[in-house]
Number of protein chains: 2
Amino acid sequence: MPEQRTGAVTLTDVAREAGVSLATASRAINGSTRQVGEELRERVLAAAHKLNYAANTQAQAVAKGRTNIVGLLVHDIADPYFSSIATGVIRVAEASQMLVTLANTERNPAREVEHLGALRGQHSRVAILVGSRVSESAEADALRREIAAFERTGGRVVMVSQDLHPADTVALENRAGARELATELVGLGYRHFGILAGPGTLLTAHDRTEGFADGLAASGVDLDQSNVIHGDFTRDGGYTAMVQLLEREAEVDCVFAANDVMAVGAMTACRDHDVDLPRTLGMAGFDDITTLRDISPSLTTVRMPLERAGALALQLALDADPGDPPRVRTLAGEVVIRQSTPPRSP
Amino acid sequence: MPEQRTGAVTLTDVAREAGVSLATASRAINGSTRQVGEELRERVLAAAHKLNYAANTQAQAVAKGRTNIVGLLVHDIADPYFSSIATGVIRVAEASQMLVTLANTERNPAREVEHLGALRGQHSRVAILVGSRVSESAEADALRREIAAFERTGGRVVMVSQDLHPADTVALENRAGARELATELVGLGYRHFGILAGPGTLLTAHDRTEGFADGLAASGVDLDQSNVIHGDFTRDGGYTAMVQLLEREAEVDCVFAANDVMAVGAMTACRDHDVDLPRTLGMAGFDDITTLRDISPSLTTVRMPLERAGALALQLALDADPGDPPRVRTLAGEVVIRQSTPPRSP
DNA sequence: AGTAGAGTGGAAACCGCTTCCATATGGATG
DNA sequence: CATCCATATGGAAGCGGTTTCCACTCTACT
């Protein structure tokens with residue numbers, strides 16, 4: 001019986017069982033450039049299997065100076081936007097034998113910085129930060145410092161959002177998508193728009209709102225700024241903002257919500273207030289989250305390849321050698337017209 | 001300039017900067033039973049802050065023989081059932097300074113075992129396995145072995161599902177909830193039921209289906225077994241099963257789906273086939289996932305405290321000392337009648 | 001004054017693994 | 001047959017921390 005501190009089977013146990021040195025056991029099991037003779041290799045593997053050996057990854061990490069950990073920071077994993085992206089990350093991670101550690105930042109930039117520090121302590125090889133950047137520069141500076149510290153340890157940071165940090169980035173084309181959506185909606189006959197804009201400080205929300213406004217302007221449609229309602233970038237935020245918009249009793253024939261989650265909340269608000277969607281009011285969102293498949297009326301939106309964005313983020317980091325300059329991949333959206341915005345005859 | 005292998009700031013750097021020994025620096029920063037003099041402690045902390053030191057958690061883990069990692073194994077993080085539970089786990093983990101590593105098992109018991117082995121290699125202090133157990137005993141045996149191996153390393157396993165392994169368990173009361181739901185639906189006037197049952201091998205699906213059938217029997221209502229359709233425990237599975245049920249053209253006035261995700265898919269199938277919910281057909285689900293807030297007609301279901309189940313799972317593990325006998329907490333559901341099952345006059 | 005005891009600091013051992021380096025072995029070469 | 005080189009194996013030195021053990025100082029008590 002091997003002496004036990006933790007009760008775990010160690011490589012020493014395996015080596016003893018197989019009657020070889022520690023070094024040989026290590027080489028046989030976890031591979032290396034060095035060759036191990038056929039017979040010994042098999043003896044070691046048999047011993048490992050017999051003892052049900054699982055290598056201590058922490059010890060490996062300390063010895064090798066690097067890990068197979070990818071840290072994933074999302075605003076809220078229960079939000080389908082983030083869980084789709086996470087799915088993409090996880091898929092690639094599994095294929096590359098990497099472990100994913102997950103944290104919710106709850107849309108708080110300070111927590112994001114804090115968690116990134118934790119990932120640095122963990123010596124994560126990759127950190128993926130998903131979600132909109134903010135416009136406040138104090139937060140951005142703190143993040144920039146922490147990114148630098150993280151990369152100094154040999155890790156790679158990837159942002160899935162706006163391209164404004166010196167790190168690999170999967171940029172989602174918010175402005176162009178929103179702009180195109182606006183154009184199409186005008187083409188369908190809508191003229192009087194309300195916007196559920198999300199928080200002004202979130203760049204994603206801001207870009208989408210601006211892109212949409214641009215599109216309207218380019219089509220010669222006026223936007224009444226007082227019909228632009230700010231609120232949280234969440235389902236509840238959408239609900240609340242929609243209620244506010246309804247209370248204004250403004251003449252609006254179509255509402256654009258800066259993301260689908262808000263749009264879905266807004267649709268429920270409409271239902272609760274006996275607004276007949278889509279007859280009296282058009283509605284459009286952004287992202288094409290999977291939830292939409294079961295929402296009725298089906299929601300017009302801009303489809304973003306979310307799962308792909310997550311997968312791409314990790315691939316970007318894994319392909320890079322440490323020290324390589326940051327790379328940026330831009331993913332475009334595609335407007336999808338559905339039942340929630342039937343053609344209007346003005 | 002400290003000599004650099006990885007470029008990371010190490011405790012040695014901090015100690016040198018503060019002019020103290022490694023031991024003192026360790027005691028000052030990461031705490032211990034030992035006291036460190038006020039002046040030295042402050043010098044060390046100042047040095048750590050100045051160098052932006054982040055302790056190498058891998059090295060700590062190796063030295064201490066344990067980690068602050070909780071491994072979370074879910075079937076599919078993009079499924080709101082699992083992401084709600086995950087949210088609960090993450091919340092408690094953050095409060096306890098633990099890191100969460102996440103893996104999707106894709107409803108594959110073999111992958112579950114494999115991942116649990118990986119968590120053992122990671123020396124996770126806690127492993128939380130979320131999701132239905134299966135009835136095949138070969139898989140169950142493999143899992144049992146791996147659980148034993150995991151606990152031998154000092155870790156704690158928690159199941160969120162059925163209580164049939166020697167591990168801490170948060171058991172969700174599927175049978176009673178489904179039974180009560182059946183009773184209430186009969187009370188509302190429904191008599192001819194269809195069931196979208198999920199896979200027969202998944203115990204959760206099985207328990208809910210049986211509980212529901214029990215409830216019908218107790219209320220003196222017959223269930224036509226040919227109206228029990230099996231399918232995947234997913235949104236698509238619900239959609240497909242519902243289509244099959246519709247094609248049978250059986251006389252059914254209410255459908256029970258074994259979980260909400262299936263029910264939501266089934267509702268969409270109904271819409272696509274011009275079935276007028278809830279006028280011509282009642283529909284009920286199970287779980288009360290958050291998505292339901294925005295589904296119309298609102299869905300009758302059995303509310304399970306999912307986020308709480310996740311939180312409880314981790315608490316259970318953290319409260320326990322290694323070697324304590326497994327504890328079981330049972331969480332009951334609560335029937336919630338909504339628009340999808342209006343009263344019927346038979 | 002002498003000594004026990006508490007409190008504080010540093011040296012060194014250790015955690016489990018990888019990897020550098022030295023050594024032994026065998027075959028090819030002269 | 002002696003020499004050289006390539007290669008497999010083992011010994012031992014790290015990796016970055018924690019913790020034990022010991023030395024030392026300072027107080028309190030007889």
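Reckoned from all heavy atoms, side chains included, excluding hydrogens, waters and symmetry mates. Letters A, B, ... mirror the listed sequences (proteins, then strands); counts begin at 1.
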*Asks:* Could you verify whether a donor N or O on one side chain and an acceptor N or O on the other, from B:Ser21 and B:Thr24, lie under 3.5 Å apart?
*Replies:* yes

*Asks:* Could you tell me how far apart B:His123 (NE2) and C:dC15 (P) are, to the nearest whole angstrom?
*Replies:* 13 Å

*Asks:* Just checking, is any N or O donor in the side chain of B:Asn52 or A:Arg120 under 3.5 Å from an acceptor N or O on the other one?
*Replies:* yes

*Asks:* So how far is it from B:Leu203 CG to B:Asp163 CG, rounded to the nearest 0.5 Å?
*Replies:* 11.5 Å

*Asks:* Return the nearest nucleotide to the side chain of B:Leu40; candidates are C:dC17, C:dT19, C:dG9.
*Replies:* C:dG9

*Asks:* Could you go through A:Gln162 and A:Thr204, starting from their C-alpha distance and side-chain angles, then the distance that decides it, and tell me whether this counts as side-chain hydrogen bond (donor to acceptor under 3.5 Å, both in side chains)?
*Replies:* CA-CA 7 Å; A:Gln162 286 77 34; A:Thr204 299; 2.8 Å; yes

*Asks:* Specify the separation, in whole Å, of atom CD of B:Glu39 and atom C1' of C:dG9.
*Replies:* 13 Å

*Asks:* Please report the distance, rounded to the nearest Å, between CG in A:Asn56 and P in C:dC14.
*Replies:* 18 Å

*Asks:* Write down the atom of A:Ala93, the atom of A:Val70, and the distance for their closest heavy-atom approach.
*Replies:* CB-CG1, 4.1 Å

*Asks:* Rounded to the nearest 0.5 Å, what separates atom CG in A:Leu129 from atom OG1 in A:Thr105?
*Replies:* 8.0 Å

*Asks:* When rounded to the nearest 0.5 angstrom, what is the spacing between CZ in A:Arg308 and CD in A:Gln315?
*Replies:* 9.0 Å

*Asks:* Could you tell me whether the side chains of B:His115 and B:Glu146 share a donor-acceptor contact shorter than 3.5 Å?
*Replies:* no

*Asks:* Can you find a side chain N or O atom of B:Tyr53 that sits less than 4.0 Å from OP1 or OP2 on D:dG17?
*Replies:* yes

*Asks:* Atom CZ of B:Arg41 to atom P of C:dG7: distance rounded to whole Å?
*Replies:* 15 Å

*Asks:* Look at B:Asn30 and D:dT18 and indicate whether a side-chain polar atom (N or O) is within less than 4.0 Å of OP1 or OP2.
*Replies:* yes

*Asks:* Can you tell which of C:dG16, D:dG17, C:dC20 lies closest to the side chain of B:Leu11?
*Replies:* D:dG17

*Asks:* Please state how far atom NZ in B:Lys64 lies from atom P in D:dT18, giving the value in whole angstrom units.
*Replies:* 6 Å

*Asks:* Measure from CZ on A:Arg66 to P on D:dG14 and round the result to the nearest Å.
*Replies:* 20 Å

*Asks:* Any side-chain N or O of B:Ser26 below 4.0 angstrom from OP1/OP2 of D:dT18?
*Replies:* yes

*Asks:* Where along residues 17-24 of chain A does a heavy atom come under 4.0 Å from DNA chain D, residue by residue in number order?
*Replies:* A:Val20, A:Ser21, A:Ala23, A:Thr24

*Asks:* Pick one: which of B:Arg329, B:Arg327, B:Arg156 meets side chain to side chain donor-acceptor pair (under 3.5 Å) with B:Asp168?
*Replies:* B:Arg156

*Asks:* Taking the minimum atom-to-atom distance to the side chain of A:Val62, which one of C:dC15, D:dC15, C:dG10 wins?
*Replies:* D:dC15

*Asks:* Check the distance between C:dG10's P and B:Arg16's CZ and give it to me in whole angstrom.
*Replies:* 15 Å

*Asks:* Are the charged groups of A:Arg43 and A:Glu17 less than 4.0 angstrom apart, N to O?
*Replies:* no

*Asks:* Pairs counted as Watson-Crick or G-U wobble with both distances under 3.5 Å: what dot-bracket string results for DNA chain D, using | for bases tied to another strand?
*Replies:* ||||||||||||||||||||||||||||||

*Asks:* Test for a donor-acceptor pair under 3.5 Å between the base of C:dG9 and the side chain of B:Arg34, counting only N and O atoms.
*Replies:* yes

*Asks:* As an exercise, state the distance from CD of A:Glu112 to CZ of A:Arg133, rounded to the nearest 0.5 Å.
*Replies:* 4.0 Å

*Asks:* Is A:Gln60 near enough to C:dT18 that one of its side-chain N or O atoms lies under 4.0 angstrom from OP1 or OP2?
*Replies:* yes

*Asks:* Taking NZ, NE, NH1 and NH2 as the nitrogens, is one of them in A:Arg107 or A:Asp79 under 4.0 Å from a carboxylate oxygen of the other?
*Replies:* yes

*Asks:* Can you tell me the distance, in whole Å, between the CD atom of B:Gln35 and the P atom of D:dC26?
*Replies:* 18 Å

*Asks:* Provide a list of protein-nucleic acid N or O atom pairs under 3.5 angstrom, restricted to nucleotides 24-27 of chain C.
*Replies:*
none

